[in-house]
Amino acid sequence: MKSIVAVGFDMDYTLAQYKPETFESLAYEGTVRKLVYDLGYPPELLEWSFDWSYMVRGLVLDKKRGNILKMDRHKYVKVAYHGFREMSKEDKVATYGNTLLRDSFDEPDYALIDTLFSLAEAYLFAQLVDFKDKNPGKVPENADYSRMYKDVRAAVDLCHRDGTLKQMVAKDPKRYINDNTSIVPMLKMLRESGRATFLVTNSLWDYTNIVMNFLCGPSPSDGSSTSRYDWLRYFDIVITGSAKPGFFHDENRANLFEVEPESGMLINTDNGTPMAQVGSTSIRLPLKSLKKGCRIYQGGNVGHLHKLLSIESSSQVLYVGDHIYGDILRSKKVLGWRTMLVVPELEREVELLWELRDMRKQLQLLRSQRDHIEDETHHLKWSLKSEDTNDTSKEKMLSELDKLKSQSEEVRLSHQQAQRECHQKFHNVWGQLMKTGYQNSRFAHQVERFACLYTSQVTNLSLYSPDKYYRPSEDFMPHEFDILSI
Ligand SMILES: Nc1nc2c(ncn2[C@@H]2O[C@H](COP(=O)(O)O)[C@@H](O)[C@H]2O)c(=O)[nH]1
Ligand SMILES: [Mg+2]
């Protein structure tokens with residue numbers, strides 16, 4: 001952290017942790033209403049309910065086939081559901097395993113569930129797939145699965161834009177966002193250490209102000225000043241409506257406007273420098289209600305931000321976000337910012353890893369037993385083929401092979417069963433977020449590749465000195481595992 005001169009934050013699902021049971025339910029209900037009242041879906045959808053814990057991040061929707069997939073880091077499909085029905089191994093292999101060309105599993109045929117905002121739409125898609133299969137005539141114009149996905153996507157998108165979600169959150173932020181009293185101390189610590197702090201969010205100013213006020217504003221009971229903009233003193237620059245990930249393209253020509261906080265009006269700037277308005281001799285400074293410090297903008301690109309913060313090298317910036325594609329991938333890969341990904345699911349995952357330590361050891365044991373039996377079997381089979389083996393030895397080998405065969409089946413079944421049980425402790429349907437079988441999941445692979453750091457909550461940053469050296473974990477090759485007993 002020593003070389004970091006500016007620490008930036010995403011807002012939604014990074015600083016502001018939404019409560020999925022209320023927030024995602026709101027998104028779900030709003031989407032269903034739009035499907036019924038605007039897009040011609042039957043009213044019985046209004047009776048449906050939402051299980052917010054069913055879908056998880058890292059899943060991939062196969063829009064054409066109506067399937068929901070979990071993949072390993074090599075993009076092999078390991079768990080697959082058609083709607084809510086688990087696909088058989090044969091079905092899975094026939095659909096995804098027997099192709100001449102490896103599928104990329106990317107847009108436009110697939111949709112990635114890579115943000116917590118997408119859990120409701122994934123669930124609704126699975127419900128619609130089931131519904132269509134059982135009632136083919138009841139979906140509008142006999143829409144296919146892709147069309148249904150498109151409708152769900154459009155309805156969710158509208159909920160984010162037309163106030164369905166934001167007005168409700170604005171009325172009662174506490175109902176939808178977790179309180180976090182550690183945010184202000186973390187921001188203070190970073191600023192006292194000499195770092196600049198900034199916010200870059202895709203939310204617009206009015207909503208940003210509501211959410212940040214809830215998270216960092218004075219609590220009405222603490223007797224301090226009650227300005228609606230107190231939270232701005234914890235930041236040097238706030239950029240709203242940033243349109244990430246496009247924001248991270250230096251060549252993106254989006255204009256940067258300064259925001260007048262009271263009215264929300266946008267004021268032209270010359271790449272961030274205030275400009276005189278036609279007919280006025282003085283430059284209108286938008287922050288007259290704020291003594292000094294933080295400037296609020298809308299739009300622009302990363303070049304504007306670097307200039308405003310006087311950043312000389314992009315490796316001096318650390319950005320904390322929740323969205324691999326929106327916040328992390330481009331900022332790290334193209335710009336070279338340092339990145340930290342917030343993965344709230346980790347908290348439970350780590351707790352369970354501790355609880356299931358013995359079970360996992362048992363799994364490893366079963367796996368090495370399987371390997372051992374397979375090696376023995378292959379060895380015997382080869383020896384049987386050899387012309388040097390006499391009849392008595394062959395007979396012995398055959399009876400040994402019989403024994404191994406039954407042992408192998410027994411251990412294979414125990415291993416599979418134990419593996420399934422272990423995964424189900426994490427999530428009944430999708431298993432451990434970071435694993436598929438015993439391999440890293442595609443999600444885990446992306447976290448490893450694109451995030452310099454990852455943590456369960458943003459305020460974990462303040463558990464360490466702002467000058468801490470975060471050393472990368474040691475790399476291991478398979479031949480080192482046994483020697484180092486890993
Ligand atoms: N128009 C849409 N907006 C969406 C959608 N999903 C999320 N969002 C909005 O984006 C920002 C995220 O802000 P950030 O702080 O994480 O950059 C927030 O305002 C969401 O409401 C969508 O599908 N369509
Ligand atoms: Mg976010």
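As the structure lists them, so they are numbered: ligands from 1, and atoms in each ligand from 1.
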What is the nearest protein non-hydrogen atom to [atom], stated with its residue, atom name and distance?
atom: atom 23 (O) of ligand 1; value: Arg153 NH2, 2.6 Å
atom: atom 12 (C) of ligand 1; value: Asp12 OD2, 3.5 Å
atom: atom 20 (C) of ligand 1; value: His160 ND1, 3.5 Å
atom: atom 10 (O) of ligand 1; value: Asn202 CB, 4.2 Å
atom: atom 14 (P) of ligand 1; value: Asp10 OD1, 2.8 Å
atom: atom 18 (C) of ligand 1; value: Ser203 OG, 3.2 Å

Quick one: closest heavy-atom pair of [X] and [Y], and the distance?
X: Ala444; Y: Met434; result: CB-O, 3.3 Å
X: Asp114; Y: His323; result: OD1-NE2, 3.2 Å
X: Ile210; Y: Pro173; result: CG2-CG, 4.5 Å
X: Glu24; Y: Tyr13; result: OE2-OH, 2.6 Å
X: Val342; Y: Ser456; result: CG1-O, 3.7 Å

Look only at interatomic distance and state if [X] has a nitrogen or oxygen under 3.5 Å from any nitrogen or oxygen of ligand 1.
X: Met11; value: yes
X: Lys244; value: yes
X: Asp327; value: no

Answer yes or no: is there a side-chain heavy-atom contact under 4.5 Å between [X] and [Y]?
X: Asp12; Y: Phe117; value: yes
X: Tyr234; Y: Leu190; value: no
X: Ser3; Y: Gln316; value: no

For Trp231, run the side-chain contact (heavy atoms from CB on, under 4.5 Å) check against Val184, Ile183, Asn213 and tell me which one passes. Asn213
Just jot down the ligand 1 atoms closer than 4.0 angstrom to any heavy atom of Asp157, in number order. 1 (N), 2 (C), 22 (C), 23 (O), 24 (N)
May I ask you to list the atoms of ligand 1 that are less than 4.0 angstrom from any heavy atom of Thr201? 13 (O), 14 (P), 15 (O), 17 (O)
Go through Val238 and Leu232 one step at a time and tell me if the side-chain contact (heavy atoms from CB on, under 4.5 Å) criterion holds. CA-CA 8 Å; Val238 168; Leu232 288 169; 3.9 Å; yes
For Phe117 and ligand 1, answer yes if some heavy atom of the residue is under 4.0 Å from a ligand atom, otherwise no. yes
Answer with yes or no whether Lys166 contacts ligand 1, where contact means a heavy atom under 4.0 Å from a ligand atom. yes
Do the side-chain N and O atoms of Glu448 and Tyr454 include a donor-acceptor pair separated by under 3.5 angstrom? no
Pull up every protein N/O/S atom sitting under 2.8 Å from the Mg ion (ligand 2), skipping waters. Asp10 OD2, Asp12 O, Asp322 OD1
Within 45 degrees of the ring normal and closer than 6.0 Å to the centroid, is that where the cationic atom of Lys166 sits relative to Tyr207? yes
